[in-house]
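Treat the numbers as computed from the prediction; the structure is a model and nothing was measured.
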Amino acid sequence: MKEKAIEQKLVMAVKKHGGICPKFTSPGFDGMPDRLVLLPFGKFAFVEVKAPGEKPRPLQLARHGMLQRIGFRVFVLDDEEQIEGIIREIGGDAL
């Protein structure tokens, strides 16, 4: 399965849970995660989407670490089977 297909499945699953999953672009600040996951009750995280078996590039890992150090959650998604678990982890008891 290609990265784009996994990304589309993530968007649909987030919508099914009452949230939105906009594409995140940050001009001039490369390496930021691909998607924002915004769920009901203010639940939020970043998601980096990869093709199966692919890993984030060093700059992406650096950005993930930066976001995590200031309190944000960042997930790397490379298999559609991870989607529901990621959504549950972000949404917690709110879902």
To the nearest 0.5 Å, tell me how far [X] [atom1] sits from [Y] [atom2].
{"X": "Ile6", "Y": "Ile83", "atom1": "CD1", "atom2": "CD1", "result": "7.0 Å"}
{"X": "Lys50", "Y": "Lys2", "atom1": "NZ", "atom2": "NZ", "result": "15.5 Å"}
{"X": "Arg73", "Y": "Ile86", "atom1": "CZ", "atom2": "CD1", "result": "11.0 Å"}
{"X": "Glu3", "Y": "Leu10", "atom1": "CD", "atom2": "CG", "result": "11.5 Å"}
{"X": "Leu77", "Y": "Ile87", "atom1": "CG", "atom2": "CD1", "result": "9.0 Å"}

* Heavy atoms, side chains only, cut-off 4.5 Å: are Pro33 and Val47 in contact? -> no
* Could you walk me through whether Phe44 and Ile90 pass the side-chain contact (heavy atoms from CB on, under 4.5 Å) check? -> CA-CA 6 Å; Phe44 166 84; Ile90 296 167; 5.8 Å; no
Quick one: closest heavy-atom pair of [X] and [Y], and the distance?
{"X": "Glu54", "Y": "Asp78", "answer": "O-OD2, 4.0 Å"}
{"X": "Arg35", "Y": "Cys21", "answer": "NH1-O, 2.6 Å"}
{"X": "Gly18", "Y": "Pro40", "answer": "O-CG, 3.7 Å"}
{"X": "Arg69", "Y": "Ala62", "answer": "NH2-O, 4.4 Å"}

* Asked: Should we say atom CZ of Phe41 is surrounded by more than 12 heavy atoms from elsewhere, each under 6.0 Å from it?
  -> no
* Asked: Can His17 and Val14 be said to form a side-chain contact (heavy atoms from CB on, under 4.5 Å), step by step?
  -> CA-CA 5 Å; His17 286 281; Val14 170; 5.9 Å; no
* To do: Would you check, one step at a time, whether the test side-chain contact (heavy atoms from CB on, under 4.5 Å) holds for Met66 with Met32?
  => CA-CA 10 Å; Met66 175 199 68; Met32 293 296 284; 4.2 Å; yes
Shared ILVMFWY cluster between [X] and [Y], side chains joined below 4.5 angstrom?
{"X": "Val76", "Y": "Leu67", "answer": "no"}
{"X": "Leu59", "Y": "Phe29", "answer": "no"}
{"X": "Leu39", "Y": "Ile20", "answer": "no"}

* Side chain of Asp34, backbone of Val49: donor and acceptor closer than 3.5 Å? -> yes
* Expected output: side-chain Arg63 to main-chain Asp30 donor-acceptor under 3.5 Å -> yes
* Centroid separation Phe75 to Phe46 less than 6.0 Å -> no
* Asked: Do the charged groups of Lys23 and Glu7 touch, with an N to O distance under 4.0 Å?
  -> yes
* To do: Before accepting this row, confirm whether a basic side-chain N of the pair Lys16/Glu84 lies closer than 4.0 Å to the acidic partner's carboxylate O.
  => yes
